[in-house]
Amino acid sequence: MPQRTPAKHRSKLTFMARAGWLLLLIFLVGCSSFGGTKKESSGKSGKGNTLAELLLSSPVKETTPVGGPDTTPVPLPEGCGLQESQAMRPAFSADIFLMENAPCYDIEVTINHSFRSLTGKETVYFTNQGDTPLKSLFFRIYPQANRVYGGKMTVSKAIVNRVEVLPEVAIEEEDGTAVRLPLFEPLEPGRHLIIKLWFEAEIPRDFGGDVKTSSSYGIFNYSDGILTLANWYPILAISDKDGWHLPPVSEEGDAVFSEAALYHVILHTDIGVTPVSTGQQIHKYVTPWGDMVYEMVSGPTRDFMLVLSKDLKVARQDEEGVLVNTYYLPKDAAASANVLNFTVTALRTYQDLFGAYPYRELDVVDVPLNRAAGVEYPGMFLIGRNLYQNEGDPFLEFAVAHETAHQWWYAIVGNDVINAPWLDEALANYSAALYMEKAHGSAGLQQTLDNWEQILNRWKSDHPDEPVAQPLSEFKGREDAYSVIVYVKGALFFHALREKIGDQAFFESLKQYYQAHRYGIAQPADLLQVFETTSGQDLGDLYQEWGVQ
């Protein structure tokens, strides 16, 4: 989420405690801002029977389709994945073949000259990877949400296998962020479709109004000459054995829970605009009518993020085949040099502790944010300008470390950020503590742990204790509780676990977890089981004590 957990596609950092930088907590919004969309999510029972509660607690069931089928076969493209491999480090280019049946997006988008709107067309190659036939497909249009995003997005036209269908807005009473495409005949397991969507969006300026009252994070926004475009295209929702999962966007946690896919994006914009994106830029040219066109691809990623500006500068450093790019406004040059150093150190640390980063690039972008200090997306993350402007603030280092960790825990290893937000957020937060240990020695780790203990103890003095493993719905209207329980208590759980089983078993478990679930969707049991297996210990009592199972 924004400091996304925050989704990536997909995290946010919120300033909860006021008495010192280590009392500042990280809230990551993924892929997003608040949330993520991912596969194999598990539903939770709601406490009421309103539409909002039902949608948050239960997947949407299929409705009866209308129309007649087109029986003409539609072949999938042979080239899907070939260009996308250019975004991978050479040693990981073969990972593209792990995505044989994953969604493949081909998108062309034009940004209005004033940065006020965009129009686009996308083609999605989709295979039913489930065990039951599908009667409909659902896409999410997150900018439509009045929470976190605050823009407008519509799907104006849809074609499924050469036949036009009528897009139907779902959960309209809540936020209108879901679009249903009825299928003319059920899509059997293993069969595929080609979907073409035409869409447009309006982009808010300066967080859509008064920043003191706005719920926008600034992740779909234009301010200070910087255009941030989180979740700017229709993205497939998650379906599993229980149906489609379409929760409205929440003000707590991440919004986007999505499976890994391959992306090919063509961007039309003005000459002089610097685009920063997920993945790799492979081509650019000027059209006869004076527009700039950029062609970009990604390897397996959960989302595709874009930031555009005419003012951004860039500093770069190669770290063993990964090009780290830090984009910044000229007045933030001094802080950006520190950000580059922090990011390279974090990248090196996490590759040693967890496993190799598979992409060619990692981008960090200096952007205006509201109610968030940082937000993670696949292959890139945002850091709020307020941290750059306080160059000596040590929280900047921690924020960068946290967001970098989300490249492992969210971007590559996915999880259900709606029903199990702690799985990536708590682990990313503790990973940042491991960075502090690496960069500043045992004193850096201990200072972080001591301040987390202070935060948790102060919270317990005024509130009943709560388990770490809770869905977002349990934190509705309780952002402070979400921050303390998921980020702080969750991170302290991982330290207690490390002390219990020892460093060798702890870090070996994380390496195995990362390798086994890269580009997939992990469940809490997957992580908890690997610690027991590797350590040879029954950890049930510890898990119960911390409330993670």
Side-chain angles (χ1 to χ4, degrees), residues 1 4-5 28 36 38-47 56-59 238 240-242 245 247 252-254 257 354 405 408-410 413-431 433 452-453 456 459-460 463-476 478 481-503 505-517 520-549:
M1 325 169 31
R4 179 45 103 241
T5 213
L28 302 159
K38 304 171 188 178
K39 205 163 188 174
E40 302 173 17
S41 58
S42 57
K44 298 286 183 179
S45 298
K47 294 184 177 180
L56 280 169
S57 63
S58 303
I238 289 293
D240 61 17
K241 61 182 177 58
D242 296 317
H245 294 259
E252 297 78 32
D254 288 313
F257 169 42
F354 311 140
W408 280 257
W409 320 126
Y410 155 71
V413 177
N415 63 286
D416 181 350
V417 300
I418 307 300
N419 288 306
W422 72 275
L423 197 54
D424 66 305
E425 294 301 345
L427 188 49
N429 221 27
Y430 187 63
S431 297
W452 282 345
E453 291 281 3
L456 184 58
W459 175 263
K460 288 181 178 180
H463 305 83
D465 194 14
E466 299 183 40
V468 170
Q470 298 186 74
L472 284 184
S473 57
E474 294 298 320
F475 295 103
K476 186 175 182 179
R478 301 192 307 132
Y482 182 69
S483 181
V484 172
I485 300 302
V486 172
Y487 286 82
V488 173
K489 185 177 178 181
L492 287 171
F493 156 71
F494 281 108
H495 188 69
L497 176 60
R498 177 186 174 186
E499 290 188 318
K500 173 76 172 178
I501 66 175
D503 280 8
F506 182 80
F507 291 113
E508 179 60 29
S509 296
L510 291 178
K511 288 178 179 177
Q512 291 184 22
Y513 174 69
Y514 175 67
Q515 182 63 27
H517 299 285
I521 302 295
Q523 301 296 327
D526 296 323
L527 179 61
L528 299 178
Q529 181 61 49
V530 74
F531 285 118
E532 290 194 319
T533 301
T534 304
S535 68
Q537 299 183 43
D538 182 347
L539 301 172
D541 288 345
L542 181 71
Y543 293 165
Q544 290 291 331
E545 176 187 350
W546 287 88
V548 296
Q549 68 171 192

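All of these numbers come straight from a predicted model, not from anything done at the bench.
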Partners meeting side chain to side chain donor-acceptor pair (under 3.5 Å) with Q529 (sequence neighbours left out): T533
Considering all heavy atoms, the nearest G253-L472 contact: CA-CD2, 3.6 Å
Q523 side, atom CD; L423 side, atom CG - distance, nearest 0.5 Å: 8.0 Å
Side chain to side chain donor-acceptor pair (under 3.5 Å) partners of S535, counting only residues at least two apart: none
Heavy-atom check, side chain of H245 versus side chain of I418, under 4.5 Å: no
Pairwise distance CD(Q470) to CD1(I485) - rounded to 0.5 angstrom: 7.0 Å
For Q537, side chain to side chain donor-acceptor pair (under 3.5 Å) partners two or more places apart: none
Return a table of donor-acceptor pairs under 3.5 angstrom between the side chains of residues 539-549 and protein atoms on other chains or two or more places apart.
| unit_1 | atom_1 | unit_2 | atom_2 | d |
| --- | --- | --- | --- | --- |
| Y543 | OH | L528 | O | 2.8 |

Whether W459 and H463 hold their rings parallel, tilted or perpendicular, with breakpoints at 30° and 60°: parallel
Between CG on residue L510 and CH2 on residue W408, distance to nearest 0.5 Å: 12.5 Å
Minimal non-hydrogen separation, Y482 against P421, with atom names: OH-CB, 3.3 Å
Whether N415 side chain and A420 backbone form a donor-acceptor pair below 3.5 Å: yes
Least distance between heavy atoms, L456 atom then V488 atom: CB-CG1, 4.3 Å
Going by atom type alone, with no hydrogens or angles, which donor-acceptor pairs under 3.5 Å involve a side-chain atom of residues 489-501 and a protein atom two or more places apart or on another chain?
| unit_1 | atom_1 | unit_2 | atom_2 | d |
| --- | --- | --- | --- | --- |
| K489 | NZ | D465 | OD1 | 2.9 |
| K489 | NZ | D465 | OD2 | 3.2 |
| K489 | NZ | E466 | O | 2.6 |
| H495 | ND1 | Y430 | OH | 2.7 |
| R498 | NE | D503 | OD1 | 2.8 |
| R498 | NH1 | Y430 | OH | 3.1 |
| R498 | NH1 | E437 | OE1 | 3.1 |
| R498 | NH2 | E437 | OE1 | 3.3 |
| R498 | NH2 | E437 | OE2 | 3.3 |
| R498 | NH2 | D503 | OD2 | 3.3 |

Aromatic centroids of Y513 and W409 separated by under 6.0 Å: yes
Nearest-0.5 Å distance that lies between atom CZ in F354 and atom CZ in F507: 7.0 Å
Distance, nearest 0.5 Å, that separates CD1 of I238 from CD1 of I521: 5.5 Å
Residues in side-chain contact (heavy atoms from CB on, under 4.5 Å) contact with S509, at least two apart in sequence or another chain: V530, F531, T534
